[in-house]
Amino acid sequence: MPELPEVETIKRTLEPKLTGQSFTEAEIYLPTIIRIPNAEEFKKQIAGQKIKSISRRGKYLTINLSQNLALIFHLRMTGRLIYCHADEPLLKHTHLIMKLDSGNELRFTDVRQFGRVWLVSVQKLDTVSGLKDLGPEPFDTAFTREFLKKELRRRRTRIKPLLLDQTFIAGLGNIYADEALHRARIHPKKLACNLDARETSKLYITIREVLQEGIDNRGTTFRDYVDGDGQCGSNQDLLQIYNREGKPCFRCKTTVVKIKIGGRSSYFCPYCQKE
DNA sequence: CCGTAACCCTGCGTGC
DNA sequence: TGCACGCAGGGTTACG
């Protein structure tokens, strides 16, 4: 599940390879993944476009093109964006191939077909669903301890679903949200407005810590995630709580529990994270 | 405002 | 071995 650290890793692997190259043509095998424009327009518009830079916002990856165009990807759960030579055999579930003038290709594959692609002018970025409504970047100066404190105080929802709400904070997904809560010793069902000053401060720090460690370890490969070179990350070896149901908490040896909150699984330690 | 659930989709683990 | 079934999940939408 590509979350902020995974998308950031993909960005870092792709940027030096793609920058300066131009797209020559596109082959579309599953048109439904492209939200804007239609398949024919996509092919027509992307041909000849030069890649200026790559950027990330939350879990969205943007390839900034010449002529004020932006090619935007959201990988959802199983999407992959891989740079390789045109001779490489096609992986299963390859839905989109974008050819480059170097003889290499950028390929989009996605087992579950939930990933999405947009090609829009920068003036129309607000037509990319979810992008304009994103909350602050966890590493941006706008995301301060005071901001988190103020926002949590006025929210009467449980902390776990709130951390997953991309309009609240951009980039956290199920894995890093559980890791941040465990490290801050906060129960996932605790109401946001009931967090005390110490918990809020701790959470502010642990959100940044778990994300930074995820980036440092080149992402968490739980099942499907690979970077732009097709390489797995290593952060899965360092997870303290996610997917550890029935196993002893590394801190206190209490058995890790899995519960459902808002339809999503949540892993926590009932001793370290009291409700 | 908040919670819940359905939906999109395929692969995988489980139970029979 | 094979089949049916439930589950996994990010984001969107609908509804209470």
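In the text below, chain A, chain B and the rest are named by the order of the sequence lines, each starting its count at 1.
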Test item: side-chain donor near acceptor, A:Gln236 and A:Thr220, under 3.5 Å:
no
Send over the distance from A:Asp110 CG to B:dG11 C1', rounded to a whole Å.
13 Å
Does A:His93 make a side-chain N or O approach to OP1 or OP2 of B:dG11 shorter than 4.0 Å?
yes
Counting side-chain heavy atoms from CB outward, which of B:dG11, B:dC9, B:dG3 is closest to A:Gln113?
B:dC9
Within this structure, what is the CG-to-P distance between A:Leu163 and B:dC2, rounded to whole angstrom?
14 Å
Using whole Å, report how far CZ of A:Arg80 lies from P of B:dT10.
16 Å
Protein within reach of the bases, or only the backbone? For nucleotides 4-16 of chain C, mark each nucleotide 5' to 3' as B, S or -, using heavy atoms under 4.0 Å.
----BBBBS----
Between P of B:dT4 and CG of A:Asp165, the distance in whole Å
15 Å
Any side-chain heavy-atom pair of A:Thr127 and A:Trp118 under 4.5 Å
no
Counting neighbours of NZ on A:Lys274 that are heavy atoms of other residues, nucleotides or ligands and sit closer than 6.0 Å, is the number greater than 12?
yes
Counting the atoms with a prime plus P, OP1 and OP2 as sugar-phosphate, which does A:Arg116 contact under 4.0 Å by heavy atoms, base, sugar-phosphate, or nothing?
nothing
Give a yes or no on whether a salt bridge exists between A:Glu6 and A:Lys59, defined as a side-chain N under 4.0 angstrom from a carboxylate O.
no
Taking the six-membered ring of A:Phe143 as reference, does the cationic atom of A:Arg208 (NZ for Lys, CZ for Arg) lie under 6.0 Å from its centre and within 45° of its axis?
no
Any residue meeting side chain to side chain contact (heavy atoms under 4.5 Å, CB included) with A:Ala184, in chain and number order, not counting sequence neighbours:
A:Ile186, A:Lys202, A:Leu203, A:Thr206
Interatomic distance, A:Arg154 CZ vs B:dC1 C1' [rounded to whole Å]:
10 Å
